Amino acid sequence: MIFPEYRARRLRQNENFRALIRETSIAPAHLVYPLFVMPGKGVREEVSSMPGVFRISVDQLAKEAKECMGLGLNAVILFGLPDKKDSKGSGAHAKDGIIQRAIKELKNTAPALTVCTDVCLCEYTSHGHCGILLDEVVDNDSTLEVLARIALSHAQAGADMVAPSDMMDGRVAEIRGILDENNFHMLPIMSYAVKYASAFYGPFRDAAECAPQHGDRKAYQMDPANVREALREATLDVEEGADILMVKPAMAYLDVISRLRDEFDLPIAAYHVSGEYAMIKAAAANGWIDGEKVMHESLLSIRRAGADIIITYFAKEMAKLLNK
Ligand code: PBG
């Protein structure tokens, strides 16, 4: 069928037709809101490179949780800044560590909220790398044990889902193993299966104070040039027991999301990362783009590419827009 029999504009002529045939939707229930938790009391500190995003102390979490749930956001993911860092990142699995306290606070004050946790070492190590160093290199196998301890400590504190973001080989199996041995067989793992060594993480590293003190993360995070390798990474994580596969960042990797959607039947999450947020905020602040419309279009593109879940700093703003 070609013009003039087919006229694409027929079904575009008013909003009712457009809504009737719209292929992609976003709901607050699809979004996960990241929270940065830091030591202290009464702390609410805006991240300079991420306007509208705050680092907050544990006592502020109840209020934050209430706001999220009021907007229809059911899930958050926690990142922590420890009291002090050391070479082995021991603050990450401390019984009274920042994340462990944050989980307990949320579970006590907002039990219906789904609390996901980022399982990694970079926020807790003095060198800023995502694992244990051996001669300046992140040692895969000795890091696995520590990651498993971190995941278990989050589970014991009451977390609803763990999300390993370190990119060590074999970590999903290691974490699944320790969780199952300790009766947490119902606790899902959302694996950062396909995480690229990306320059889009810049503002996050300010927020979480976790930039590597030497070198970069290219020896463990993926090369942005590769997509077949993404399929291998995802296959391994499926075999090791991941429940959800994540792609990160999102917008520069929509093709990767789409490939994973085609090749796997597990739910797919996409992390719309700090740099993606910061770029939109900066351009909007200059009056160069309509920030709200660009936010909506960006998140829609990530859903259209095939993501079920979007982790985004825009979660509250997007939920407000959707609730209008
Ligand atoms: C920890 C981690 C990072 C992000 C999420 N978890 C930083 C990194 O890998 O350097 C980035 C999130 C963002 O940029 O919003 N490994």
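Atoms considered below: every heavy atom in the structure, side chains included; atoms not considered: hydrogens, waters and symmetry mates. What you are looking at is a predicted structure, and each value in this text was computed from that prediction instead of being measured. For the single chain, residues carry numbers from 1 onward in sequence order. We count ligands from 1, going down the list as the structure has it; atoms in each ligand are counted the same way.
Atom OH of Y196 has more than 12 neighbouring heavy atoms from other residues, nucleotides or ligands inside a 6.0 Å radius. Other residues, nucleotides and ligands place no more than 12 heavy atoms under 6.0 Å from the CZ atom of R228.
V137 forms part of no hydrophobic cluster, judged by ILVMFWY side-chain heavy-atom separations under 4.5 Å.
S258 places no side-chain N or O within donor-acceptor distance of the main-chain N or O of L254, the cut-off being under 3.5 Å.
Aromatic pair Y33/Y313: ring centres not closer than 6.0 Å.
Within the listing of ligand 1, atoms 12 (C), 15 (O) sit less than 4.0 angstrom from a heavy atom of Y271. Near F79, the atoms of ligand 1 lying under 4.0 angstrom from a non-hydrogen atom of the residue are 5 (C), 6 (N). Applying the 4.0 Å criterion to heavy atoms of Q221 picks out, from ligand 1, the atoms 8 (C), 9 (O). Atoms of ligand 1 found under 4.0 Å from any heavy atom of D118, numbered from 1 in the order shown, are 1 (C), 6 (N). Ligand 1 places these atoms under 4.0 Å from at least one heavy atom of S165: 1 (C), 2 (C), 6 (N), 16 (N). Listed by atom number, the atoms of ligand 1 under 4.0 Å from R205 heavy atoms are 8 (C), 10 (O).
Here the heavy atom of the protein found nearest to atom 14 (O) of ligand 1 is S274 OG, 2.7 Å. Of the protein's non-hydrogen atoms, the one nearest atom 15 (O) of ligand 1 is Y313 OH, 2.6 Å. Nearest protein neighbour of atom 11 (C) of ligand 1, counting heavy atoms only, is K248 NZ, 2.9 Å.
Polar contact with ligand 1: absent for E123 (N/O pair, distance under 3.5 Å).
No donor-acceptor contact under 3.5 angstrom links the side chains of D86 and S126, judged on distance only. With hydrogens and angles left out, the side-chain atoms of D237 and S191 include a donor and acceptor closer than 3.5 Å.
F54 carries R44 over the face of its six-membered ring, with the cationic atom under 6.0 Å from the centre and within 45° of the normal.
For D166, no heavy-atom contact with ligand 1 is shorter than 4.0 Å. Here C122 has side-chain heavy atoms under 4.0 Å from ligand 1, and that is the only part of it that gets that close.
Distances shorter than 4.0 angstrom occur between a heavy atom of K195 and an atom of ligand 1. Ligand 1 has no atom lying under 4.0 Å from any heavy atom of M167.
Salt-bridge formation is detected for the pair D180/R176: a Lys NZ or Arg NE/NH1/NH2 atom is positioned less than 4.0 Å from an Asp or Glu carboxylate oxygen.
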